[in-house]
Engineer: 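Take this structure first; my questions come after.
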2 protein chains.
Amino acid sequence: MRIVTWNKHLTRNSAVAKSGTAQPRQETRIQKKNKELILGAALEVFSSYGFRGSTIDQIANQAGLSKPNLLYYFPSKEAIHAALLDALLDTWLDPLRALDPEGEPVAEILDYVHRKLEMSRMYPRESRLFANEIIQGAPRILENLEGELRALVDEKAAVLEDWMTAGKIAQTHPHHLIFSIWSLTQHYADFEVQVRAIRTKQDIYEEADTFLQNLFTRLLKV
Amino acid sequence: MRIVTWNKHLTRNSAVAKSGTAQPRQETRIQKKNKELILGAALEVFSSYGFRGSTIDQIANQAGLSKPNLLYYFPSKEAIHAALLDALLDTWLDPLRALDPEGEPVAEILDYVHRKLEMSRMYPRESRLFANEIIQGAPRILENLEGELRALVDEKAAVLEDWMTAGKIAQTHPHHLIFSIWSLTQHYADFEVQVRAIRTKQDIYEEADTFLQNLFTRLLKV
DNA sequence: GTAAATTTTGACCGAAAGGTCAAAGGCACG
DNA sequence: CGTGCCTTTGACCTTTCGGTCAAAATTTAC
């Protein structure tokens with residue numbers, strides 16, 4: 001995925017003026033700090049209100065910066081959003097990538113479920129950021145879904161299918177098996193408000209883990 | 001849930017002037033037509049962009065009305081949204097209400113799954129309207145979630161628990177069983193773009209139905 | 001310590017958004 | 001066929017929003 005870093009002020013810096021070639025001068029400590037600050041604030045805001053529902057002022061406010069100052073680091077609201085999705089999309093799929101074709105089938109899948117649930121527990125805002133984006137038609141990441149994501153899923157679905165053919169796990173639809181893992185685990189992050197409105201209990205994720213491990217154990221048993 | 005119908009023009013109509021009591025004059029045919037038109041358009045727009053991401057102009061445009069004309073029927077953007085959620089919340093829970101304590105346990109649950117999936121297939125926009133609202137913290141329906149919804153879920157969870165105690169279905173966490181049905185079925189509506197990006201196939205819902213029936217059959221088997 | 005570069009800010013701009021209003025255009029009914 | 005209510009509209013108002021800019025403040029590099 002394309003990394004978005006056209007810093008206005010960096011394109012007219014001394015490196016360019018002196019050498020004529022546009023080799024990006026390295027980030028200053030302030031730049032690094034503030035970009036992280038902004039992305040953190042943007043995650044908070046975008047995940048709560050969606051792209052169109054969020055304002056630059058909200059993000060700047062959350063980050064403790066003035067609006068023009070924020071726009072000094074990112075050229076537009078779009079750019080912040082893109083940078084966030086960009087950074088996230090990669091790490092978000094790590095649990096699925098970790099599914100090992102050489103491992104013990106049932107354990108691999110149960111591990112995947114566990115890791116994915118852990119992602120919901122640790123990074124609910126990230127989960128909601130994606131959820132918001134996808135519910136609203138994924139205008140900014142459709143390409144990635146049809147490209148990278150689809151390729152990865154197809155690859156892993158093939159692994160699952162092999163396991164089924166080999167009689168290591170029960171026959172089901174491999175793609176829908178993956179969908180089911182996503183939906184079940186992400187539900188606890190994306191619909192957290194609803195879950196907590198109904199089930200007022202501290203350790204929701206512990207209950208969920210027990211429930212899901214049992215569910216998939218039963219589903220996969222040959 | 002409170003019904004929202006303070007039509008500015010109806011509060012100063014002749015019925016009031018003549019009798020002194022505020023008995024709402026019945027809706028004209030034009031009012032009925034246009035209100036439906038507006039709610040339909042609003043569903044389309046709100047479900048695509050969320051509340052804050054949608055504009056009155058978009059809705060008016062979609063409905064083929066001018067903005068002031070739309071605001072003649074509903075006093076504000078808020079009011080349209082409230083009316084939509086209001087009407088929907090009720091019917092959305094019908095499948096769960098239909099779960100019959102006297103029925104055959106496994107069949108009842110499998111039917112519920114089927115009905116819920118059918119809702120996703122027939123009313124994906126309604127599903128996304130809720131999803132948008134809940135992901136963004138459910139600011140407008142939190143009360144309903146903690147009230148009506150929770151009561152209904154608790155009631156049905158008790159039924160499930162009875163079935164488990166009686167050995168009619170396998171032991172699991174009843175609340176999470178309900179959550180799992182919601183998440184699995186709604187996923188196909190809410191994340192439709194993602195599902196279709198990965199699985200380019202016409203009859204996704206047929207596949208899903210087969211998959212889910214199998215999943216819950218296995219989960220519930222004693 | 002000073003010159004150059006980086007960072008921050010207040011003032012400002014044009015467009016879009018939610019909503020109002022008065023007046024005009026229809027419609028229904030005696 | 002005219003009177004009174006219902007419906008529609010264009011013009012307008014205020015606030016919010018995304019973004020710019022020039023100048024001031026601060027850091028960095030020598």
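Every chain is numbered from 1, with letters handed out A, B, ... down the list of sequences. As a basis for the values below, the full set of heavy atoms in this structure was taken, side chains included, without hydrogen atoms, waters or symmetry mates.
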Engineer: Heavy-atom nearest nucleotide on DNA chain C for G64(A) versus R52(A): which residue maps closer to 5'?
Structural biologist: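 That would be G64(A).
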
Engineer: Determine: side-chain N/O of N69(A) to OP1/OP2 of dT9(C), distance under 4.0 Å, yes or no.
Structural biologist: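 Affirmative; the distance criterion is met.
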
Engineer: Nearest to the side chain of I30(A), which nucleotide is it out of dG19(D), dT7(C), dT20(C)?
Structural biologist: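 Nearest to the side chain of I30(A) among the choices is dT7(C).
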
Engineer: dT8(D) phosphate, OP1 or OP2: any side-chain N/O from N34(B) under 4.0 angstrom?
Structural biologist: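 Yes, within the criterion.
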
Engineer: Side chain of T55(A), heavy atoms from C-beta onward: which of dG10(C), dT8(D), dG18(D) has the nearest atom to it?
Structural biologist: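 Out of dG10(C), dT8(D), dG18(D), the nucleotide with an atom closest to T55(A)'s side chain is dG18(D).
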
Engineer: Could you work out which one of dT9(C), dT7(D), dG19(D) sits closest to the side chain of Y72(B)?
Structural biologist: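 That would be dT7(D).
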
Engineer: Report the nucleotide, chosen from dG18(C), dA11(C), dT28(D), that has the shortest atom-to-atom distance to any side-chain atom of I56(B).
Structural biologist: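 Among the listed nucleotides, the one closest to the side chain of I56(B) is dG18(C).
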
Engineer: For dT7(D), does either OP1 or OP2 sit under 4.0 Å from a side-chain N or O belonging to Q31(B)?
Structural biologist: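 For Q31(B), the contact criterion (side-chain N or O under 4.0 Å from OP1 or OP2 of dT7(D)) is met.
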
Engineer: Once you round it to whole Å, what is the distance between C1' of dT26(D) and NZ of K33(A)?
Structural biologist: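 Rounded to whole Å, this separation is 12 Å.
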
Engineer: Grab the NE2-P distance between H81(B) and dG18(C) for me, whole Å please.
Structural biologist: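 Computing the H81(B):NE2 to dG18(C):P distance gives 13 Å.
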
Engineer: Say whether, by atom type as modelled, one donor and one acceptor occur between the side chain of T210(B) and the main chain of E206(B) under 3.5 angstrom.
Structural biologist: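 At least one qualifying donor-acceptor pair exists.
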
Engineer: If each of P68(A) and Q58(A) is mapped to the nucleotide of DNA chain D with the nearest heavy atom, which maps nearer the 5' terminus, i.e. the 5' end?
Structural biologist: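 Checking each residue's closest nucleotide, the 5'-ward one belongs to Q58(A).
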
Engineer: Using only modelled atom types and a 3.5 angstrom limit, is any donor from either the side chain of K77(A) or the base of dG19(D) paired with an acceptor on the other?
Structural biologist: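 By the distance-only test, no, there is no pair.
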
Engineer: More than 12 non-hydrogen atoms from neighbouring residues, nucleotides or ligands closer than 6.0 Å to CD on Q213(A), yes or no?
Structural biologist: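 Yes, because the 6.0 Å sphere around CD of Q213(A) holds more than 12 heavy atoms from other groups.
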
Engineer: Could you work out which one of dG19(C), dG19(D), dT9(D) sits closest to the side chain of S66(B)?
Structural biologist: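 Of the candidates, dT9(D) comes closest.
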
Engineer: Given atom CG of L70(A) and atom P of dG10(C), what is their separation to the nearest angstrom?
Structural biologist: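 It works out to 15 Å between those atoms.
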
